[in-house]
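Notes to accompany the following structure.
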Amino acid sequence: MSRCSFGDRASDRHLCQSLVDWFGLFARDLPWRSGRSAYAALVSEAMLQQTQVSRVVDRFNQFMKRFPDVESLAAAEQMEVLAMWQGLGYYSRARNLHQAARVIMDRFEGVIPSCPEQLQSLPGVGRYTAGAIASIVFDRPEPIVDGNVQRVLMRLHARRGEQSGSANINWTWKRAAELVGTTDDPAAFNEGLMELGATVCSRNSPSCDSCPLADHCRSLEAGMVDSIPRPRKRAARTALHQYCVVFRRRDKLLLQQRAGKGLWANMWEVPTIESRTRISSESIVDRFPVPLVDIERIDRFVHRTTHRDVTFHVYRGSTRQRSGHWHDIGHLDEVPLSNPQRRLIAAVLD
DNA sequence: AATCCGGGGAC
DNA sequence: GTCCCAGGATT
């Protein structure tokens with residue numbers, strides 16, 4: 001197994017030190033890096049899952065202002081937590097983070113644990129996030145592997161294949177563990193590895209001229225940087241149609257909450273029926289959950305997610321129904337709505 | 001091992 | 001159009 005592609009220990013120590021030194025000089029000034037509380041790390045790591053740093057910075061600051069500690073988050077209503085997450089996507093992260101705060105209060109006396117096993121017992125905290133908190137906050141020599149680390153180490157050792165292949169994933173965890181075990185500063189090493197991937201060893205046009213690890217890089221040596229890792233092929237998207245009717249009564253809109261599983265779970269929406277295929281306007285009226293007096297088509301657009309093309313068919317409607325959750329138009333920010341829901345509501349109200 | 005879960009930025 | 005992003009849970 002251990003081939004010559006694994007550097008010897010002296011070489012590894014040099015590599016780690018080069019990276020730690022580089023990180024000390026070039027680390028970006030990010031909000032969750034000041035203070036270094038375990039709570040800030042937990043929140044930022046949850047937000048950063050599959051999400052780029054630039055999209056998170058403002059949202060992290062807002063979230064921390066509203067929920068400054070584990071206790072305040074644990075005490076919050078789910079609706080408000082989801083509303084703070086609105087637009088970030090992958091809303092199970094918010095539900096899991098909220099639940100994690102309650103577990104920390106109930107089972108860990110309000111103190112975020114430092115050992116990876118206990119961290120991983122928290123909902124939404126997997127191998128990566130547990131390792132990140134353990135190493136970055138508590139200085140433990142725990143490895144972490146995210147998309148950046150995977151790409152950097154594969155390039156460093158000229159590993160062929162896709163990032164997502166299990167052989168490469170296992171190999172990368174092993175190599176990351178080996179490296180973090182040789183450094184004196186696991187926190188700076190792990191963050192440096194991710195930082196390098198995000199800013200220098202980027203997916204498309206890496207800046208090898210300014211890379212602190214260029215002397216160690218097998219794929220640079222072999223001229224293979226651009227072909228590692230190989231792009232993965234993705235499954236085709238499936239179609240989904242949503243027929244959405246905006247009911248307005250004075251300054252209120254009728255809203256409903258989505259199911260607890262699946263797309264946009266537990267998020268809110270205007271009354272909607274879903275179908276895998278297009279359906280006629282007659283069957284819309286027949287199947288609609290709210291008794292319709294009449295409807296008028298306003299808009300239609302396609303919202304694309306990773307796995308679906310969702311066509312939103314947008315109507316304005318009227319009803320005599322008084323029951324249900326009629327929400328103030330001026331306070332829609334307090335309601336967790338997906339981005340396409342905000343878009344269609346705006347299209348009808350404007 | 002494969003699939004699902006959002007949304008947007010970069011190309 | 002494509003790919004990817006400080007991944008995790010579920011099947």
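So that the names make sense, note that chain A is the first sequence line, chain B the second, and so on, each numbered from 1.
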How do A:Lys261 and A:Ala130 order along DNA chain C: which one's closest nucleotide is nearer the 5' end? A:Ala130
Please give me every residue in residues 19-29 of chain A whose heavy atoms get under 4.0 Å of an atom in DNA chain B, ordered by residue number. none
Whole-angstrom distance between C:dA6 and B:dT3, as gauged at atom C1': 22 Å
Students often get this wrong, so: under 4.0 angstrom with heavy atoms, is A:Val125 touching a base, only sugar-phosphate, or nothing? sugar-phosphate
Dump the intermediate steps for side chain to side chain donor-acceptor pair (under 3.5 Å) on A:Asp21 and A:Gln17, then the final yes or no. CA-CA 6 Å; A:Asp21 291 344; A:Gln17 195 55 49; 3.0 Å; yes
Using the test side-chain hydrogen bond (donor to acceptor under 3.5 Å, both in side chains), find all partners of A:Thr319 that sit at least two apart in sequence or belong to another chain. none
Hey, are A:Ser283 and A:Ser280 close enough side-chain-wise for a donor-acceptor pair under 3.5 Å? yes
How is A:Arg234 classified with respect to the nucleic acid when contacts are heavy atoms under 4.0 Å: base, sugar-phosphate, or nothing? base
With sequence neighbours excluded, residues passing side-chain contact (heavy atoms from CB on, under 4.5 Å) with A:Arg308: A:Thr238, A:Leu240, A:Leu263, A:Thr305, A:Val310
Check every strand shown and say whether A:Arg237 touches a base, only sugar-phosphate, or nothing at a heavy-atom separation below 4.0 Å. sugar-phosphate
Reading DNA chain C 5' to 3', which nucleotide is the first, and which the last, to come under 4.0 Å of any heavy atom in chain A? C:dT2 to C:dA9
Please measure how far the P atom in B:dG6 lies from the corresponding atom in C:dT10, and state the result in whole Å. 14 Å
Nucleic acid footprint by protein, nucleotides 3-11 of chain B - heavy-atom cut-off 4.0 Å, B for base, S for sugar-phosphate alone: -BBBBB--S
In residues 30-45 of chain A, what residues come within less than 4.0 Å of DNA chain C, judged by heavy atoms? A:Leu30, A:Trp32, A:Arg33, A:Glu45
